[in-house]
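Letters A, B, ... mirror the listed sequences (proteins, then strands); counts begin at 1. These figures come from a predicted structure and were not determined experimentally.
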Amino acid sequence: MLALHDTATSTVRRLLPDGAREMSLYVCGPTVYEMPHLGHGRALLVYDVLRRFVESQGVAVRHVSNVTDVDDKIIERAVREGTTPREVAERYEAAWWDASDRLGVLRPTSAPRATEYVAVMASMVAEMVAKGVAYVTPGGVYLDAGAVSDYGLLAGQPLESLRSGARVDVAPEKRGPHDFVLWKPSKPGEPGWDSPWGPGRPGWHTECVAMSLDLLGDSFDLHAGGMDLKFPHHENERAQAAVLGRSFSRHWMHHAFVTAAGEKMARSAGNFTTLTELVERTDPRAYRLLVLRSHYRQPLEVTRSTVAAAEEALERLDSLADRLSPDGQLLEVTADPDVVARFRSQMENDLDTPAATATLFGAVTRANAAADSGDERLSSSLGGAVLQSFSHVGLPLGRLFGRQASGPESAPGEEATELLRRREKARSDRDFATADALRAQLAEMGWTVEDTPSGARIRRSRR
RNA sequence: GGCGGCGUGGCCGAGUGGUUUAGGCAAGGGCCUGCAAAGCCCUGUACCCGGGUUCGAUUCCCGGCGCCGCCUCCA
């Protein structure tokens with residue numbers, strides 16, 4: 001059974017009860033005011049791997065992830081560009097899903113937008129005001145954090161030691177330093193909705209509570225997001241749920257960041273590479289492999305060179321897949337049960353994807369060795385376990401799945417085919433000078449030729 | 001200032017009180033090949049520094065040094 005690190009208890013503990021057939025998952029989604037970057041890509045991949053793995057074990061996943069489409073940053077950008085917040089949000093939401101799709105990430109089962117939930121959020125705020133745990137000021141409606149007995153659980157330290165206002169001014173109307181805004185007034189011209197507290201918009205922390213409770217129920221299995229969301233965002237979500245008497249998430253998962261030259265990659269820091277750029281430049285599966293080869297709670301350095309190394313590693317995997325199954329059809333073989341079991345138990349141990357992929361790479365070597373020595377049964381069962389296990393975490397193997405497979409460059413054109421045919425002829429005539437010249441010509445065109453016992457094979461060269 | 005984490009061979013990245021040990025990429029040697037490519041085999045005496053515990057520490061403890069994250073919007 002899958003055990004996962006839980007931020008609330010700082011322990012690795014079982015995620016689902018025995019015999020569970022369904023899992024409910026809430027992942028905090030993006031604020032759509034800028035292009036998604038590599039860090040978002042890692043988030044997308046980490047939770048996609050989790051979801052697919054759980055599903056491969058026969059558990060259905062209800063996966064909700066929000067899109068924040070009303071926010072100060074969106075408004076700022078719209079003002080700067082002389083367009084509407086709505087146009088900005090639509091543009092970057094489209095970019096988000098496009099990048100997600102290209103990474104091979106499953107869409108959430110629901111992806112609600114903040115603007116679609118304003119009424120629900122407003123009534124939630126009203127409920128908190130009615131209960132006397134929230135108060136109204138000219139600068140907005142605030143939740144009294146003091147009303148929550150265990151406020152600060154996810155922060156992992158005493159509240160007094162938090163440096164409120166150390167880096168940013170505390171709003172003067174706040175009664176307590178940890179109080180946070182539930183509803184903020186809109187200035188004229190900004191997006192706003194009518195409310196008992198005047199035209200305004202909901203605070204960010206209210207969004208995810210409203211959506212998760214509404215779509216997953218009062219109590220659900222897992223709430224997830226980046227490390228930076230632990231506090232205050234997730235803490236504040238908990239606070240609202242607590243105050244409303246809802247039990248909320250049973251487990252909290254937080255993943256570590258992508259770093260660039262050791263520093264956190266962030267849109268606000270400006271040190272980011274766009275996800276769109278990555279998936280255009282490389283095989284998106286390489287990024288998934290890179291993510292799989294590190295642990296989700298450790299920072300991951302993503303550079304051209306680490307991505308390139310992942311592409312080479314992927315090449316090794318694809319080669320095996322093609323060797324065992326040149327037509328791309330998964331072989332009807334018994335996947336080696338030891339490899340499958342080992343992979344599974346490593347995955348179940350807090351998603352130990354580095355160990356699990358190491359197991360698979362070990363099986364790749366053994367599968368190739370078996371194939372070299374003509375043991376087809378062994379190589380297929382080992383290789384089958386590799387292909388099956390990787391597919392369970394969203395990584396289909398074989399060059400048919402590579403980026404070239406879908407592009408215009410995927411298949412050799414007439415010219416390349418003709419050169420290859422002539423080279424085969426020259427080789428059978430033992431005219432190696434001509435054969436080598438033709439191979440060089442193909443290399444010029446970006447093709448690598450491999451001679452196999454069953455004839456020559458051609459594939460795209462790496463540059 | 002508080003809290004959390006990190007420092008591993010050329011690079012990325014796991015892990016562990018001692019036998020053989022991640023794994024990938026890159027590099028060198030070999031096998032295979034007409035030559036290659038792919039594949040297989042072999043090769044690196046890595047664990048920030050200083051103490052301590054121990055028969056033995058990269059792994060545990062203490063003290064340094066360096067780096068990063070959160071406490072503000074942020075995956």
Side-chain angles (χ1 to χ4, degrees), chain A residues 7 10 27-31 33-34 36-47 68 71-73 152 154-170 178 204 224-233 235 254-259 262-269 289-290 293-295 297-303 305-317 319-320 322-323 352-362 364-373 427 430-433 435-436 439-440 443 448-452 456-459 461:
Chain A
T7 308
S10 289
V27 179
C28 285
T31 301
Y33 72 96
E34 172 61 283
H37 60 63
L38 264 23
H40 298 107
R42 185 183 195 188
L44 248 5
L45 289 167
V46 162
Y47 301 114
T68 302
D71 169 89
D72 290 347
K73 291 232 169 70
L154 294 177
Q157 66 174 305
L159 286 183
E160 314 78 62
S161 67
L162 292 172
R163 262 196 180 178
S164 260
R167 291 159 70 185
V168 119
D169 290 339
V170 178
H178 303 298
W204 178 48
M227 292 282 190
D228 50 356
L229 298 183
K230 271 193 225 179
F231 191 92
H233 182 56
E235 191 60 52
H254 293 100
H255 69 273
F257 306 115
V258 164
T259 56
E263 309 266 321
K264 174 186 175 184
M265 185 172 284
R267 296 191 280 200
S268 54
L289 184 58
L290 185 60
R293 293 172 47 76
S294 65
H295 189 84
R297 287 194 281 125
Q298 293 304 136
L300 174 63
E301 184 76 12
V302 183
T303 62
S305 106
T306 61
V307 172
E311 283 192 281
E312 294 302 327
L314 183 61
E315 186 67 36
R316 173 169 162 80
L317 264 18
S319 290
L320 175 69
D322 289 351
R323 182 178 192 181
D352 191 355
T353 55
T357 50
T359 293
L360 264 23
F361 272 99
V364 168
T365 301
R366 289 190 289 144
N368 275 317
D372 283 353
S373 68
R427 283 189 74 220
R430 303 196 64 78
D431 177 2
F432 296 120
D436 289 352
R439 184 167 62 196
T448 296
V449 179
E450 294 180 3
D451 296 317
T452 75
R457 193 163 70 193
I458 193 169
R459 66 177 170 89
S461 312

Classify the nucleic acid contact of A:Arg267 as base, sugar-phosphate or nothing, counting any heavy atom under 4.0 Å across all strands shown.
-> sugar-phosphate

For A:His255 and A:Met227, indicate whether the former's side chain and the latter's backbone hold a donor-acceptor pair under 3.5 Å.
-> no

Which part of the nucleic acid, if any, lies within contact of A:Val27, taking any heavy atom under 4.0 Å across all strands shown: a base, the sugar-phosphate backbone alone, or nothing?
-> nothing

For side-chain contact (heavy atoms from CB on, under 4.5 Å), just list the numbers for A:Glu315 and A:Arg459, CA-CA rounded to whole Å, side-chain angles, deciding distance to a tenth of an Å, and then say yes or no.
-> CA-CA 11 Å; A:Glu315 186 67 36; A:Arg459 66 177 170 89; 3.3 Å; yes

Output yes when at least one side-chain N/O atom of A:Arg366 is less than 4.0 Å from OP1 or OP2 of B:C40, else no.
-> no

Applying a 3.5 Å limit to both distances, which nucleotide forms a Watson-Crick or G-U wobble pair with B:C70?
-> B:G2

Side chains of A:Arg427 and A:Asp451: closer than 4.5 Å at any heavy-atom pair?
-> yes

Have a look at A:Leu44 and say if it touches a base, only the backbone sugar-phosphate, or nothing, with a 4.0 Å heavy-atom cut-off.
-> nothing

Mind checking A:His254 for me? I need base, sugar-phosphate or nothing, with any heavy atom below 4.0 Å counting as a touch.
-> nothing

G-U wobble or Watson-Crick pairing nucleotide for B:U19 (cut-off 3.5 Å, both distances) = none

Which one is paired to B:C60, where only Watson-Crick or G-U wobble pairs with both distances under 3.5 angstrom count?
-> B:G52

Please state the C1' separation for the pair B:G63 and B:C73 - nearest whole angstrom.
-> 38 Å

Compare the aromatic ring of A:Phe361 with the six-membered base ring of B:G23 and state whether they stack according to the 5.5 Å and 30° rule.
-> no

For B:G10, which nucleotide is its Watson-Crick or G-U wobble mate, given both distances must be under 3.5 Å?
-> B:C25

Whether A:Glu450 side chain and A:Arg457 backbone form a donor-acceptor pair below 3.5 Å = no

base_contact_polar (B:C70 base, A:Lys230 side chain, donor-acceptor, <3.5 Å) = no

Check: A:Glu301 main-chain N/O paired with A:Thr306 side-chain donor or acceptor under 3.5 Å | yes

Tell me which nucleotide among B:A37, B:G69, B:C41 gets nearest to the side chain of A:Glu263.
-> B:G69

Does the base of B:G34 carry an N or O that pairs as donor and acceptor with the side chain of A:Arg430 under 3.5 Å?
-> no

Under 3.5 Å, is there an N or O donor on one side and an acceptor on the other linking the side chain of A:Asp436 and the base of B:G34?
-> yes

Could a donor-acceptor pair under 3.5 angstrom be found where the side chain of A:His295 meets the base of B:A14?
-> no

Whom does B:C40 pair with, Watson-Crick or G-U wobble, provided both distances fall under 3.5 Å?
-> B:G30

Look at the side chain of A:Arg427 and decide which nucleotide, out of B:A75, B:G34, B:C25, has an atom nearest to it.
-> B:G34

Could you tell me whether A:Leu320 contacts a base, only the sugar-phosphate backbone, or nothing, with contacts defined as non-hydrogen atoms closer than 4.0 Å?
-> nothing

Donor-acceptor pair under 3.5 Å: do we get one between A:Arg316's side chain and the base of B:A38?
-> no

Distance-only donor-acceptor test (3.5 Å): side chain A:Asp451, base B:C32 | no

What nucleic acid atoms does A:Ser294 come within less than 4.0 Å of, heavy atoms only: base, sugar-phosphate, or nothing?
-> sugar-phosphate

Which one, B:G39, B:A75, B:G13, comes nearest to the side chain of A:Arg323?
-> B:G39

Do the side-chain N or O atoms of A:Thr365 get closer than 4.0 angstrom to the phosphate oxygens (OP1, OP2) of B:C40?
-> yes

Where the side chain of A:Lys73 is defined as all heavy atoms beyond and including C-beta, which of B:A75, B:C73, B:G23 is the nearest nucleotide?
-> B:C73

Name the nucleic acid region contacted by A:Pro36, choosing base, sugar-phosphate or nothing; use a 4.0 angstrom heavy-atom cut-off, strictly under.
-> nothing

Ignoring hydrogens and angles, tell me if any N or O in the side chain of A:Thr353 forms a donor-acceptor pair with the backbone of A:Ser294 under 3.5 Å.
-> yes

